[in-house]
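We count ligands from 1, going down the list as the structure has it; atoms in each ligand are counted the same way. All of these numbers come straight from a predicted model, not from anything done at the bench.
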Amino acid sequence: MILLKANEELKNIFGRMLKTMDANVMWTGSIVVLNNFLILSGNVRSMIFNFDKGKVITNVIELPNKEEDMEPVADNQTLTNVLNMTLYAFGKWGVIQGLKVEKDYSQLNALFYAILKDMKIIPGFRDDNFRFYRENIQITYEEVIQAAIEEGKRKPEEIKEEKKEQTSEEKGLGLWHKLQWKVEKKSFQRGEVGEYEKKASRLGNNFYISNYQCPECGRKLYMAVYPQGKEFPIETEEGRVYLARSYTCDNCNLFYTPRPGKLLREGESYAMKFGGDRDAYEDYRELLGSQAERTSNCNFNEFASERGKHALLSIEEAGADLEHMKEEELQNLEEKIEDGFFPLMKAEPYLEKIKDLLRKKAEEKELKKKPKQEEKISVPRKQEEISVPEKKEEIFTPEREEEKAARESVLEASDPKNQDGKKKSLFPKKNLEDRKQKEWISGEKPSILKREIGKSSPEEKKGTQNLEEDFEEEISGSNLSIKEKYDARMRMLDRMSLWQVRRLREQIQSDERLDWVDKEKYEKLTKQAVYRKGEEEARKKAEYCRNRPYGTVKRAIEEISQMECPKLIQEEILKTLGEIKRKRGQEEAADLIAKMPETMTRNQYRTFREKLDQYDEEDISVYKEVLESSRRLAEKREIAGMLKRAARSDRNGLMRMLKQLKEDGFLPEQAEPAIKEITGRVRAMDEKVIEKICPNIMSMTFDEAAAAYEKIEGGAFLPEIKTDTLEMIDKRLTKIKMDECGLLVEKLKEALEGKINDTERLHFYEVRKVMRGDWNPRESELVARALNTYATERDRYEYPILVCDSSGRQNGADGFILTPDHIFYNSLFSSEMIPIRSVTGVEGNTGLLNKGIYLKRGNGKRTKIPGGIPAKELKIFAEILEEFVSYLQEKPESRSIAYLSKEEHKVKCCYRCGFTYRGGNVCPKCGNQANH
Ligand SMILES: [Zn+2]
Ligand SMILES: [Zn+2]
């Protein structure tokens, strides 16, 4: 059993689910996972998800709830994802009320596969269960959770939430990028690449691991080499350059290449960075890799202007005089060999020799230094390399097996099946008691009573013989008159009516002056009389209804079966009457159907149906069938008439017909086609109107779509069309703009990192957290205040990137807001909405009188915006902001409204880099695969 403590995200998601399910579970926030069960542990009732059966139930179970036994989920994203799978799976099965999962099973399996693949677990999600496999062996959900816990510990610092979300969902459009490599001075460390590493780490796309380390994160860079004559052209700040080789860091989403004539180690390079935009990075890597080969190229990178002018040396020429080369020359040659300047087969022997020579030279140096006692020991690079811990080896802890065993023993002790068993054994007990009670009420009681009477009667008989004798002597005269009276009555029984006999019988029973012997005697006599009279009356009744209608016969049968008369005779009479009743029923039903009009309305049908139902006790299926077929005809005629009218009806008329067809008692199989046809007419009408409002959703501009949204929202349309269309528009707009906002935030954050220390006043808009509903409430409140105070004019889908708060109370009321399109600001003196395109520069002024951030505008204006940035960081902040604003201005033409609203483009403009080209969907400059 695994005990988990939910993080905020899970609390939120599962909490909302419990709310929509309206479940009677007070969830404590702890999650118990056991075999194939996931249990949301509640104060009284808990909610149990069964992955093996696809069912959800709530039940009262005792679960461990010690805080110290709980494993916090915290920021383990893998674990969070694995837990969230529950909602997708059970939502798809339709057992979570109020949650609908649109994706089909294969899409969901793909999604689950993406979540589980790092743990080498394969999902098997079907319509009846959800199973998991590792190395072809089925494992429990609990084991999956355990693997996710370990996976989370394995990669603690890889904050790739956002990236993962993107790869598991559809490919986003990403940010725009100016595909121009920038000059950068960076020093590149070199390390050894082990044999294992060489084989194990492959990036694909013709990129192979190199000795260089990424200057940003320290991981190994991967290198691609282009064959001679097929060098890859790029644009740089210094003009066009042909690449003989390029390097990339898979972790930082960036590329490096040395400046022409240089090696990477020499520190003069070009860089192309994609920051958080993984899609753009991967597309570009595919493009760069597609031209590369596993080959050697003895060229350096070259400027386009100098292409082909350098003399090329072969390895034989370059390595002809190794013994006399200086240390630096040897190092250069070593690097050139390692960087694929020469065919590896030929260069290998030279490489060994060079390494030997370099080692010797290093040792000589050491010897020279030691006598001088200088403490300045340059640490050999190899050792540095060794001291870097290999993360991958830390995955498996030796304790794992033991832990598992311990877990299993706990598991046995508290197996849910056992608990279930206890519960079940309770139920039968209860049932047993129930049954006893029932027996007592109905059958058992009389039988017990009978037994008791039988037991006591022989004793009584013994005693009563004596009593009788005593009794007769004692009373003699006094009681005689009463007995005589009753005896006289007995002689008159035949002349009495049934009712009178019954009265007399009651009287005798309650007369206390009579002893039980007399009572018994009279009872016998009266009973016989009742039977005689009963028989007489039953026969009379039977005779009477021989020629009466069905209803009368039915009533007589009921009465006779209640009468007191000899059983055999009663049965005989009832049998005869039953026969008569059956015959009468048949005759009358036949009569009724014969009177049925040839064409009848549905109202007439209802009357006939009610009448026919009287004979339900008889077999009248034939007549029913006749009546039903007549009904079908009636309905058919009515529906046909309706459809005829439908051709000329307006929307309201059609809606009325739909209501009638659905609620007016038509046979469903008859009404269904008509409902379909009329719904189709309504849909066609609605679609026509919607078509007019928004002709092509996918190519609508934001303004158009937003306007359309409001029109449709307020209009009368079939609910499914309305929500579908609205959802499509809203989804498209929200997705595009949210993705863009999220990426822009990352980009700006990255630019500010390490340069601005005082970030108290800076509030980034965390769009994903906002959508998930788990954004820090204080941040959320402040940003909402700012947006509602001075940025109310922004577009519906214009999300903020940064809110810079300058208010005295730190509540968001003053400051500035940066969005992809505007800078809004608000201060004591003024407030304004400034389009990004009009900004020509940003200045941080530290002068005593004019301290602050100033925006320079195209019209020559200088506007001071409030920001609350401390003076010492004003300058650098303004610089970064200026750079970011100029990036926002680089937005390619392809993202403009005019371009987006056209459906087809002969000359394509790349959505990512703005490069224009003809033919194909893949941009030849940046590799973007999503141009339409
Ligand atoms: Zn890196
Ligand atoms: Zn492009």
Side-chain angles (χ1 to χ4, degrees), residues 155 157-160 163 171-182 184-191 193 197 201 203 207-224 232-236 240 246-258 264-265 267 269-291 385 388 391 740 743 746-747 750 753-754 887 890-896 899-900 905 907-932:
K155 41 176 178 181
E157 345 128 19
E158 288 180 41
I159 310 155
K160 282 190 172 176
K163 286 170 199 167
K171 229 176 173 203
L173 292 169
L175 283 173
W176 61 94
H177 298 274
K178 196 173 172 189
L179 260 278
Q180 191 189 56
W181 293 55
K182 297 224 160 82
E184 239 189 67
K185 289 210 164 41
K186 277 271 159 70
S187 59
F188 292 84
Q189 300 284 322
R190 281 167 62 88
V193 177
E197 208 176 354
S201 13
L203 206 51
F207 277 93
Y208 297 92
I209 196 156
S210 79
N211 300 46
Y212 291 107
Q213 291 169 10
C214 170
E216 310 255 327
C217 73
R219 285 169 214 229
K220 295 272 164 58
L221 292 174
Y222 291 78
M223 174 181 71
F232 189 86
I234 58 164
E235 302 302 327
T236 74
R240 173 167 280 214
S246 62
Y247 299 84
T248 184
C249 174
D250 183 46
N251 187 47
C252 305
N253 301 338
L254 48 73
F255 296 88
Y256 286 110
T257 199
L264 203 55
R265 184 182 54 85
S269 57
Y270 301 119
M272 181 67 225
K273 298 180 175 177
F274 288 96
D277 193 349
R278 183 76 186 172
D279 286 328
Y281 166 73
E282 281 177 355
D283 283 347
Y284 196 51
R285 192 174 77 195
E286 208 173 313
L287 183 76
L288 280 183
S290 68
Q291 318 269 327
E385 194 50 28
V388 174
K391 267 179 206 141
E740 199 170 280
L743 291 167
E746 286 307 311
K747 191 174 169 63
E750 208 170 281
E753 200 174 298
Y887 168 75
E890 273 172 12
K891 195 197 268 196
E893 166 65 15
S894 54
R895 299 201 179 216
S896 78
Y899 184 89
L900 278 170
H905 303 277
V907 177
K908 288 199 171 147
C909 179
C910 175
Y911 192 68
R912 182 172 296 142
C913 73
F915 184 67
T916 52
Y917 63 98
R918 281 168 194 270
N921 281 337
V922 180
C923 170
K925 192 170 178 195
C926 74
N928 183 14
Q929 302 180 0
N931 286 328
H932 294 293

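Remark: side-chain polar atoms of N253 are not paired, donor with acceptor, to backbone N or O of Y281 under 3.5 angstrom. A donor-acceptor contact shorter than 3.5 Å is absent between the side chain of Y887 and the backbone of H177.
Put simply, the angle at the Zn ion (ligand 1) from SG in C252 to SG in C217 is close to 100°, to the nearest 10°. One finds an angle of 110° at the Zn ion (ligand 1) between SG on C214 and SG on C249, to the nearest 10 degrees.
Taking 4.0 Å as the cut-off between side-chain N and carboxylate O, R912 and D279 do not count as a salt-bridged pair. A salt bridge links R285 and D250; the closest N-O separation between the charged side-chain nitrogens and carboxylate oxygens is under 4.0 Å.
Using a 30° and 60° split on the angle between ring planes, F255 and F274 fall in the perpendicular class, above 60°.
Cation-pi geometry between K186 and Y256 is not met: the NZ or CZ atom fails to fall both under 6.0 Å from the ring centre and inside 45° of the normal.
Protein contacts to the Zn ion (ligand 2) involving N, O or S atoms at a distance below 2.8 Å are C910 SG, C913 SG, C923 SG, C926 SG.
Of all heavy-atom pairs spanning K925 and C913, the tightest one is CB-SG, 4.3 Å.
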